Amino acid sequence: MSGIAENLQKILSNIREIEKSAGRPENSVRLVAVSKFHPAESVIEAVEAGQSLFGENRIQEAASKFDEIRSKGINCDLHVIGSLQRNKVKEAVRIASCIESVDRIELLEEIEKQAAKINKKIEIFFEVHTGEESKAGFTSEEDLNEVIKRCSDGDFPHITPKGFMTMAPFTEDKNLVRKSFVTLRELREKFQKSYPNLDLCELSMGMSGDYEIAIEEGSTIVRIGTAIFGQRK
Ligand SMILES: *Cc1c(COP(=O)(O)O)cnc(C)c1O
């Protein structure tokens, strides 16, 4: 037995407990089960245990895995969470309902183009660099403002921006981790105020090692891999 069902149950009950002790409404945090490097069978096991939302960071791997799973009539939802090359956008748009890792304007333009082609509405999050050691994401608030303004102006009709994503620095220093999450939360509040016609409600932050702090700081989506599926090879 692999223990995926047990791990899921444990994580979900932890999430509910942390919500409660942080004074957050019940079910205000969703779980993305990060299945990268794990086979289709593991995803199916998680689906059978009740999980329906998954995260993958490599498009080719995700496409072959989720095409296989869906061809069996198994329904599940996929978020792309890893850095995305322009030539992979077409596949990403096809297989995912949300791209969490939008970190530059060119990507938005390509997502719009590919989504328009297949007449699909796709959600996106803006990935923001909030910690010293993580490299991905927007680093300049000006750049971020520019893309959000273009979304607000209606330049990307097939794209629905839903919020922000970040990875905290990989450090034992919990204060630095917390600081990173607070930065994202404050950024969300600020941009939501500036662009009231957008619904920037989501904060995707928190992984296996830091989701408790993330939920305390307002996370609405935690992305957890190792604590569900075990170590990646
Ligand atoms: C792999 C990955 C995760 C999950 O990490 P774990 O530590 O295994 O929970 C979350 N977010 C992103 C962007 C990832 O690449």
Side-chain angles (χ1 to χ4, degrees), residues 2-15 18 29-39 42-43 45-46 49 51-63 65-66 76-85 88-89 92 95-104 107 123-139 162-174 176-178 180-181 183-185 202-233:
S2 69
I4 289 173
E6 276 171 275
N7 292 343
L8 266 171
Q9 202 178 27
K10 198 157 42 173
I11 295 286
L12 283 170
S13 81
N14 274 347
I15 292 173
I18 302 162
V29 180
R30 282 190 291 156
L31 171 63
V32 169
V34 179
S35 47
K36 64 188 184 199
F37 297 99
H38 293 280
S42 298
V43 173
E45 216 175 307
Q51 179 66 24
S52 59
L53 177 55
F54 295 87
E56 290 275 344
N57 67 347
R58 296 192 308 182
I59 301 305
Q60 258 148 341
E61 178 192 338
K65 196 185 300 180
F66 282 79
C76 52
D77 197 6
L78 180 64
H79 284 192
V80 166
I81 61 171
S83 69
L84 189 55
Q85 292 164 274
K88 301 281 167 57
V89 167
I95 61 175
S97 64
C98 177
I99 297 173
E100 296 199 9
S101 41
V102 171
D103 59 359
R104 56 195 191 278
L107 222 43
E123 297 186 343
I124 62 109
F125 300 166
F126 302 102
E127 181 171 2
V128 182
H129 171 107
T130 57
E132 281 161 49
E133 290 152 69
S134 70
K135 287 183 209 84
F138 281 95
T139 49
K162 290 296 292 181
F164 301 86
M165 185 268 251
T166 200
M167 280 171 93
F170 296 103
T171 167
E172 294 293 306
D173 185 343
K174 292 193 170 170
L176 278 182
V177 172
R178 190 177 296 278
S180 162
F181 295 148
T183 300
L184 196 72
R185 188 188 67 215
E202 303 281 9
L203 278 177
S204 176
M205 53 191 205
M207 309 180 13
S208 293
D210 58 18
Y211 69 93
E212 175 163 4
I213 302 174
I215 294 172
E216 287 168 2
E217 295 305 336
S219 171
T220 64
I221 292 184
V222 291
R223 310 176 309 268
I224 297 180
T226 312
I228 297 169
F229 295 106
Q231 289 296 333
R232 293 178 283 272
K233 275 146 253 139

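Note that the structure is predicted; figures quoted are calculated from it, not measured. In listed order, ligands and their atoms are each counted from 1. Residues: numbered from 1 along the sequence shown.
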Please state which protein non-hydrogen atom is closest to atom 11 (N) of ligand 1 and give its distance, to 0.1 Å?
Arg223 NE, 2.8 Å
Identity and distance of the protein heavy atom lying nearest atom 5 (O) of ligand 1:
Met207 CE, 3.4 Å
Between Thr226, Ile81, Val34, which one has a non-hydrogen atom sitting closest to atom 13 (C) of ligand 1?
Ile81
Quick note on ligand 1: atoms under 4.0 Å from a heavy atom of Met167 include exactly 13 (C)
State, with a plain yes or no, whether a side-chain heavy atom of Asn57 is found less than 4.5 Å away from one of Val34.
no
Under a 4.5 Å cut-off applied to non-hydrogen side-chain atoms, are Ile228 and Ile4 in contact?
yes
State the atoms of ligand 1, each with its element, that fall below the 4.0 Å cut-off from a heavy-atom position in Gly225.
4 (C), 6 (P), 8 (O), 9 (O)
For atom 9 (O) of ligand 1, closest protein heavy-atom neighbour:
Ser208 OG, 2.5 Å
Do the ring planes of Phe229 and Phe54 sit parallel (below 30°), tilted (30 to 60°) or perpendicular (above 60°)?
tilted
Is it true that the side chains of Thr220 and Glu202 contain a donor and an acceptor less than 3.5 Å apart?
yes
Of all the heavy atoms in Arg232, does at least one lie under 4.0 Å from an atom in ligand 1?
yes
Between Gln60 and Lys88, is there a side-chain heavy-atom distance shorter than 4.5 Å?
yes
Side-chain touch Glu56/Ser35, heavy atoms, less than 4.5 angstrom
yes
Is Val32 close to Glu100 at the side-chain level, that is, under 4.5 Å between some pair of heavy atoms?
yes
If you measure from each non-hydrogen atom of Lys36 to ligand 1, which part falls under 4.0 Å: side chain, backbone, both or neither?
side chain
Report, in ascending order of atom number, the atoms of ligand 1 lying under 4.0 Å from any heavy atom of Ile224.
9 (O)
